[in-house]
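Structure first, commentary second.
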Protein chains: 2
Amino acid sequence: MSTRPGGRSARVRDAVLAATYAELAEHGYPALTVDAVATRAGVHKTTVYRRWGSVDDLLADALDQTRDTPWALPDTGTVEGDLIAITTEVAEAFGHLAVPTAVVAAAFQSPRAAGALRDFYAARQTQAALVVVRAVERGELPADVDPVDVVRTACAPLYYRVFVTREPVDVAVAERAARAALAAARAGVI
Amino acid sequence: MSTRPGGRSARVRDAVLAATYAELAEHGYPALTVDAVATRAGVHKTTVYRRWGSVDDLLADALDQTRDTPWALPDTGTVEGDLIAITTEVAEAFGHLAVPTAVVAAAFQSPRAAGALRDFYAARQTQAALVVVRAVERGELPADVDPVDVVRTACAPLYYRVFVTREPVDVAVAERAARAALAAARAGVI
DNA sequence: TCCCTAATGCAACAAAAGTTGCGTTATTGT
DNA sequence: ACAATAACGCAACTTTTGTTGCATTAGGGA
């Protein structure tokens with residue numbers, strides 16, 4: 001018997017990850033401490049330190065968990081509609097949650113979190129690229145486009161604004177970013 | 001006599017900010033401590049705590065300093081050349097320095113650093129947008145483009161790769177990003 | 001059901017981060 | 001030149017963060 005994943009261990013993990021999200025939403029990433037998460041989860045801090053090691057590894061685990069949850073790919077009938085749906089969803093995620101920013105911040109501090117972030121976006125990008133693949137099949141876009149790069153180009157300005165230049169994002173920005181990526185794809189430079 | 005900016009104070013500030021960059025380049029942001037910076041600068045840690053408060057405020061001050069240093073705007077004769085020059089410069093900055101990532105990371109933790117980051121990129125974007133303004137004057141691009149947004153669209157994919165999806169960046173990526181932004185501008189969607 | 005032990009709780013400890021009071025140095029206005 | 005005082009150095013202290021040894025609880029196979 002090397003490991004023991006059922007019963008209490010699973011309950012503790014769920015409680016701790018839920019407490020992590022809750023603390024994050026209430027106080028933000030800078031105030032996220034192992035002690036606060038442990039107390040909120042009704043668990044001793046040594047447990048968290050032993051199983052995760054730090055708040056950043058904690059966030060990495062939380063991200064792994066959400067990565068494996070299903071995600072609904074839009075299917076509006078046109079690439080433009082699909083891409084706008086994706087970028088709008090991204091933009092709205094930043095309006096409501098402090099979670100995505102926290103995960104990116106954690107990735108700067110912990111290799112574990114950085115790996116989780118990379119895996120997460122690799123999975124999401126591959127899924128989202130399907131809307132471009134479908135567009136090529138419908139003849140909306142040239143066959144030699146790079147589907148992942150179209151998605152990347154569409155989403156990048158939103159993240160750039162939020163994380164780098166600290167400019168606001170809204171639906172208008174999301175639509176413009178999607179249309180810009182589409183124009184580049186149609187011009188054959190992506 | 002309220003403040004005393006000359007002589008020793010200025011020397012201490014320069015020494016501490018230089019030590020901050022040096023520590024950053026050697027050990028990276030996660031290992032950046034007030035104590036290490038102070039020792040390296042030949043200054044006591046209380047001095048740093050009293051004048052700056054934290055490593056993040058320290059980085060903010062360092063960023064303010066570099067923001068005010070002049071920056072050479074490319075002028076190759078075409079928008080495409082200018083934009084590629086800009087994105088390539090950005091891409092190369094990530095290859096050599098750990099500094100830009102550290103500043104972004106600091107902005108997550110300190111409002112002071114976030115403000116400095118915003119001001120820094122606002123200044124740089126306004127400058128860089130001049131290459132687009134010149135292109136409009138030359139008739140290379142339609143008159144109703146948003147110059148800042150062209151620059152933003154060109155640079156965004158690089159930052160997105162480095163910070164969010166953790167994908168590598170090179171000259172090829174930089175050129176593609178610049179050409180994609182240009183295609184969007186020519187199509188009139190930016 | 002019973003035993004083995006992985007996983008947790010607890011308390012005491014160690015280390016790092018940040019603060020405070022006070023004496024000393026050196027800039028700046030007169 | 002010289003006094004006034006902003007800024008710094010130093011040491012002791014407080015707080016926060018992370019660790020370790022040991023007792024206790026509970027999962028899972030026999």
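Order of the sequence lines sets the chain letters (A, B, ...), proteins ahead of strands, with each chain counted from 1.
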Legend entry - Contact list for residues 138-148 of chain B, test salt bridge (Lys or Arg N to Asp or Glu O under 4.0 Å), sequence neighbours left out: A:R176-B:D146, B:R138-B:E140

Legend entry - salt bridge (Lys or Arg N to Asp or Glu O under 4.0 Å) contacts in which one or both residues fall within residues 28-41 of chain B, not counting sequence neighbours: B:E23-B:R40, B:E26-B:R40

Legend entry - Residue pairs passing the side-chain hydrogen bond (donor to acceptor under 3.5 Å, both in side chains) test where at least one lies in residues 161-174 of chain A, sequence neighbours excluded: A:T165-A:E167, A:E167-B:R152

Can you name the atoms? Protein N/O to nucleotides 23-25 of chain D N/O, anything below 3.5 Å, with the distance.
| from | atom 1 | to | atom 2 | distance (Å) |
| --- | --- | --- | --- | --- |
| D:dT25 | O2 | A:R8 | NH2 | 3.2 |

Inset, instruction - Respond yes when some side-chain nitrogen or oxygen of A:R11 is under 4.0 Å from OP1 or OP2 of D:dG27, and no when none is. - result: yes

Inset, instruction - Please state whether the phosphate of C:dA7, meaning OP1 or OP2, lies under 4.0 angstrom from any side-chain nitrogen or oxygen of A:R13. - result: no

Inset, instruction - Please report the shortest heavy-atom distance between A:L59 and A:L24, naming the atom on each side. - result: CD2-CD2, 3.8 Å

Legend entry - For the student: nearest non-hydrogen atoms of A:A185 and A:V145, plus distance: O-CG1, 3.8 Å

Inset, instruction - Mind grabbing the angle between the end helix axes of the helix from C:dT1-D:dA30 to C:dT30-D:dA1? Five pairs an end, 10° rounding. - result: 40°

Inset, instruction - Could you list by number each residue of residues 105-114 of chain B showing a heavy-atom separation from DNA chain D of less than 4.0 Å, or answer none if no residue does? - result: none

Legend entry - Any residue meeting ring-ring contact (aromatic ring centres under 6.0 Å, His included) with B:Y121, in chain and number order, not counting sequence neighbours: B:Y159

Legend entry - Residues which pass ring-ring contact (aromatic ring centres under 6.0 Å, His included) with A:Y29, listed by chain and number, not counting sequence neighbours: none

Considering residues at least two apart in sequence or located in another chain, which fulfil the side-chain contact (heavy atoms from CB on, under 4.5 Å) criterion with [X]?
{"X": "B:T76", "value": "B:T78, B:D82"}
{"X": "B:A154", "value": "B:L83, B:T87, B:A181"}
{"X": "A:T126", "value": "none"}

Legend entry - Annotated protein contacts, base or backbone, on nucleotides 14-20 of chain D with a non-hydrogen cut-off under 4.0 Å, one of B, S, - each: ---SBBB

Inset, instruction - On the 0 to 90° scale, with breaks at 30° and 60°, tag the B:F163-B:F94 ring pair as parallel, tilted or perpendicular. - result: perpendicular

Legend entry - Among C:dG9, C:dA7, D:dC8, the one nearest B:V12 by side-chain distance: D:dC8

Inset, instruction - State whether B:D61 and B:R51 are salt-bridged, where the test is any N-O pair (Lys NZ or Arg NE/NH1/NH2 against Asp/Glu carboxylate O) under 4.0 Å. - result: no

Legend entry - Lys/Arg-Asp/Glu bridge criterion (N-O < 4.0 Å) met for B:D64, B:R112: yes

